[in-house]
Amino acid sequence: MKFSLIATGLIASLSAVSGSLINIGSGDCAFLTASKIVNLVNLGQTEGNACKCAVGKNGSGIVAGLANFSTKNGDLLQVVEQFTQTSGYLGEFDGVLATLKQVASSATGTVAGLDGLCDAWTKASDNKDFYSSQLKVSELLYKLPVTKLIAELGAKNQLTQAVLFDTALLQGVTGIVDTAVGVVEGVVDGVAGGVVGLLESLIAKTNASFTKDVAGTSGNTLLINGLHIDELEWVKAFLNIRSDLGLVSNLTSGLLDTTSIYQSLLSQGGLLSTVVSLVNTVGSLVTINCSPLLQL
């Protein structure tokens, strides 16, 4: 189905699965908006599906939950381990936990020995502690590390922030996360094509692409390797590099790419504080705003 992105009089055709109305702020709002866009494009709804569990694409093993956690990446294991530490855990994953640890350690994407995983996941999905465990791991794996990268970069534009959150949600970011104590440290392999930490790798590639000062209209200048780079010019280069690397073809999570959505927003000035409508061919709209994701 075809959709159009409409803002400030400019119309760009996009491929998506639903329409959206975007009006976001900054910080937490950028993370929520990025999350909802990923969900909208891939699930047809702004809210994640905590109950979803299935064999993923491109050798990602089993993919499940709010942030498309996978057995190959190891974040699915982290959700389960976090859940086992709660008072609401009733042994749902006892039969597969040992195998799940082996699979996460090997990072092979195999589903051998995990026949009961999705049944256990579905059974646990009505448990508020399990839902909270998914939210906690999602924040520790994606929100906190990316927030740190945003601060280091000096990015203030809402579009830039949402793009970085989006990239992490689709492909991951470096960092070993201890969900028990909330520590983010170290380096772990990224999940696409052997790239170590795709988000950090893309930031490094983008920074290296500039050889001179670049002026622009964002109102914020980034200091990149001693050069002064307009923020919207930086995120334009970031999205172009992300697109050139064929992100969507390397998505081990099986998710659809969202690069074209952000490129269209960028072409319209990069202001996510204005209302932007993604309208499908029958005119339906889905609202994306800063409200928290639904709780059980």
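Quick note: numbers below take in every heavy atom, side chains included, and nothing from hydrogens, waters or symmetry partners.
Between R242 and V163, the shortest heavy-atom distance links the atoms NH1-O, 4.0 Å. Nearest heavy atom pair, residue A104 against residue G74, reads CB-CA, 4.0 Å. Scanning both residues, V137 and D75, for their nearest heavy atoms gives CG1-O, 4.2 Å. Closest heavy-atom contact between F69 and Q134: CZ-O, 3.5 Å. Nearest heavy-atom pair, V146 versus A168, reported as atom, atom and distance to 0.1 Å: CG2-CB, 3.4 Å. Taking both residues in full, the closest heavy atoms of V103 and T110 are given as CG1-O, 3.7 Å, listed atom of the first, atom of the second, then distance.
Without hydrogens or angle criteria, N220 side chain to A155 main chain gives no donor-acceptor distance under 3.5 Å.
Between W121 and F93, the ring planes lie perpendicular to each other; the angle is over 60°, past the 30° to 60° tilted range.
At least one side-chain heavy atom of I224 sits less than 4.5 Å from a side-chain heavy atom of L153. T147 is listed as a side-chain neighbour of F165, based on a closest heavy-atom distance under 4.5 Å. Side-chain atoms of Q263 and T259, non-hydrogen and from C-beta on, do get closer than 4.5 Å to each other. With a 4.5 Å cut-off on side-chain heavy atoms, S70 and I62 do not count as touching. A heavy-atom distance below 4.5 Å is found between the side chains of L76 and L117. In this structure the side chain of D126 never reaches within 4.5 angstrom of the side chain of Y131, judged on heavy atoms. Between I241 and L202 the shortest side-chain heavy-atom distance falls below 4.5 Å. With a 4.5 Å cut-off on side-chain heavy atoms, S209 and W234 do not count as touching.
In this structure, the separation between NZ on K52 and OG1 on T122 is 12.0 Å, given to the nearest 0.5 Å. Note: D129 CG to S87 OG = 5.0 Å, rounded to the nearest 0.5 Å. Distance CD/E231 to OG1/T217: 11.0 Å, rounded to 0.5 Å. Note: N127 CG to T86 OG1 = 6.0 Å, rounded to the nearest 0.5 Å. If you take CG on N207 and CD1 on I229, they are separated by 9.0 Å, rounding to the nearest 0.5 Å. One finds the CG atom of L90 at 12.5 Å from the CZ atom of F130 (value rounded to the nearest 0.5 Å).
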Any chance you could lay out the side-chain contact (heavy atoms from CB on, under 4.5 Å) test for L77 and L97, step after step, and finish with the verdict?
CA-CA 8 Å; L77 171 63; L97 187 54; 4.0 Å; yes
Step by step, work out the side-chain contact (heavy atoms from CB on, under 4.5 Å) result for V80 and F83.
CA-CA 5 Å; V80 172; F83 179 44; 5.6 Å; no
Dump the intermediate steps for ring-ring contact (aromatic ring centres under 6.0 Å, His included) on F238 and Y262, then the final yes or no.
CA-CA 11 Å; F238 179 93; Y262 290 103; over 10 Å; no
Give the C-alpha distance, both sets of side-chain angles, the deciding distance and a yes or no for side-chain contact (heavy atoms from CB on, under 4.5 Å) between E200 and L149.
CA-CA 8 Å; E200 288 192 342; L149 290 174; 3.7 Å; yes
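No salt bridge links D244 with K205; every basic N to acidic carboxylate O contact stays at or beyond 4.0 Å.
Screening residues 134-154 for ring pair (Phe, Tyr, Trp, His ring centres under 6.0 Å) gives no qualifying pairs among residues at least two apart or on separate chains. Every pair passing side chain to side chain donor-acceptor pair (under 3.5 Å) that includes a residue from residues 91-105 is listed here, sequence neighbours excluded: Y89-D94.
Using modelled atom types, one finds a donor on one side chain and an acceptor on the other under 3.5 Å when comparing D230 with S218.
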